Amino acid sequence: MPSNSPYSNDIPGRTRLCEDVIRSAGLLVLKGFRENAGRSFSMKGPQDFLTETDAASELLIRGMIADHFPEDGFLGEEGGGHVTDRVWVVDPIDGTANFARGIPHFCISIAYVENGNIEIGAIFNPAEDEFYIARRGFGATLNGKPIKVSATKTFDAASVELGWSGRVPNETYLRTISDLLSLGTNVRRAGSGAMALAYVADGRSDAYIELHMNSWDCAAGLLLVEEAGGVVCPFMELGSLAAGGPVLASTPTIASGVSRASLIPLATSDPNGNLLRA
Ligand code: IPD
Ligand code: CA
């Protein structure tokens, strides 16, 4: 790293950089949103939106990280990259479909992963000025205040968000919705997997499931949920940073049921899906 960098070469230094980077990207993304830049979009595939702001945000994030930690790896949704022992995993805009159509439910998501462990996770929705950050072992905050997962105990009071993508057959998605509805829970989908995980962390939702997610959509949010007292699936065992995998994050009280309905195991469950820690 450059000798004049204000960031120390450790996790606390990278946490400070992460906040500075995500706030800078937030200004750029919000400007794009307000100026309607998002409304001229192209399609990467069916239901897969791309705007000029996605690329600009990722370039800014990539550049700021490389300025201070040039040896760290980088994996971004738009520009790709490689998984290394120390790697930043970045979604420059999550919820691009919302962004492109004028809906203020989108965010930037940045995780820092060292030797396969997510050490830092940050999510920022600049349209709502909501900044989430977690450092492993140090809890999770929203705009500087500690957050906790919900205390919802029964499915008839629960709201579970279920993400959709074309990477999983519709039949599997529809079966999962049906199994969740049979439990009695409300099922939502708001179009940003990263924001959905942040909402589990702060108790606005009780669980989030997506049958396959890319790592840039979920790495930061998974740490937020864990640090806010929730339980998650063993993402790195079920999938990988490079290939993605299934995602489940939940408040502990309903996690076993959500795991059984989605067929996604919890990091802390026995082979029958029973929660071992709650
Ligand atoms: C998508 C959103 C969506 C989720 C998809 C993601 P994007 O990311 O998070 O909610 O269901 O799996 O690909 O395209 O908005 O960055
Ligand atoms: Ca994304």
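Each ligand, and each atom within it, is numbered from 1 in the order the structure gives. Just so it is clear, the structure is predicted and the values come from calculations on it, not from any experiment.
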With salt bridge (charged side-chain N to carboxylate O under 4.0 Å, His left out) as the criterion, how do Arg175 and Glu171 come out once you've worked through the C-alpha distance, each side chain's angles and the decisive distance to 0.1 Å?
CA-CA 6 Å; Arg175 186 207 31 85; Glu171 294 69 32; over 6 Å; no
Trace of the side chain to side chain contact (heavy atoms under 4.5 Å, CB included) decision for Lys148 with Asp202:
CA-CA 5 Å; Lys148 269 180 67 177; Asp202 73 7; over 6 Å; no
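Compare Gly166, Gly95, Ala100, Gly191 by their heavy atoms: the one nearest to atom 3 (C) of ligand 1 is in Gly191. Selection from Pro92, Ala97, Gly193, Ser109 by nearest heavy atom to atom 10 (O) of ligand 1 gives Gly193.
Considering all non-hydrogen atoms of both residues, Ser192 and Met195 come closest at OG-N, 3.1 Å. Summarising the geometry of Leu238 relative to Pro265, their closest heavy-atom pair is CD2-CG, 3.8 Å, with the distance given to 0.1 Å.
Ring centroids of His105 and Tyr199 are separated by less than 6.0 Å, placing the two rings close together. Taking the six-membered ring where the residue is Trp, the centroids of Phe124 and Tyr132 are separated by 6.0 Å or more.
Those atoms of ligand 1 that come under 4.0 Å of a heavy atom in Ser165, given as number and element, are 12 (O). Heavy-atom contacts of Arg189 reach the following atoms of ligand 1: 10 (O), 11 (O) (cutoff under 4.0 Å). Ligand-side atoms of ligand 1 in range of Asp91: 16 (O), range being under 4.0 angstrom from any heavy atom.
Geometry note: the Ca ion (ligand 2) is the vertex, Glu77 OE1 and Asp91 OD2 are the arms, and the angle is 80° (rounded to 10 degrees). The Ca ion (ligand 2) is the vertex of the angle joining OD1 of Asp217 and OD1 of Asp94, which measures 80° to the nearest 10°.
The cationic atom of Arg86 (NZ for Lys, CZ for Arg) does not lie both less than 6.0 Å from the six-membered ring centre of Phe69 and within 45° of the ring axis.
The side chain of Asp217, and not its backbone, has at least one atom closer than 4.0 Å to an atom of ligand 1 (non-hydrogen atoms only; side chain from C-beta on). Heavy atoms of Ser192 found under 4.0 angstrom from ligand 1 belong exclusively to the backbone. Contacts of Trp164 with ligand 1, taken as heavy-atom pairs under 4.0 Å, involve the backbone alone.
The nearest protein atom to atom 1 (C) of ligand 1, hydrogens excluded, is given as Asp94 OD1, 3.8 Å; this is a heavy-atom distance. For atom 16 (O) of ligand 1, the closest non-hydrogen atom of the protein is Glu77 OE1, 3.1 Å. Of the protein's non-hydrogen atoms, Glu210 OE2, 3.5 Å is the one closest to atom 5 (C) of ligand 1.
Residue contact annotation: Arg167 has a non-hydrogen atom under 4.0 Å from ligand 1. At least one heavy atom of Ile93 sits closer than 4.0 Å to an atom of ligand 1.
Aromatic ring pairs are classed by plane angle as parallel below 30°, tilted from 30° to 60° and perpendicular above 60°; the pair Tyr112 and Trp88 is tilted. Taking the six-membered ring where the residue is Trp, Phe33 and Phe99 present tilted rings, their angle falling between 30° and 60°.
Taking a cutoff of 4.0 Å between a charged side-chain nitrogen and a carboxylate oxygen, Arg136 and Glu226 qualify as a salt bridge.
Looking at Asn214 next to ligand 1, no N or O pair under 3.5 Å apart turns up.
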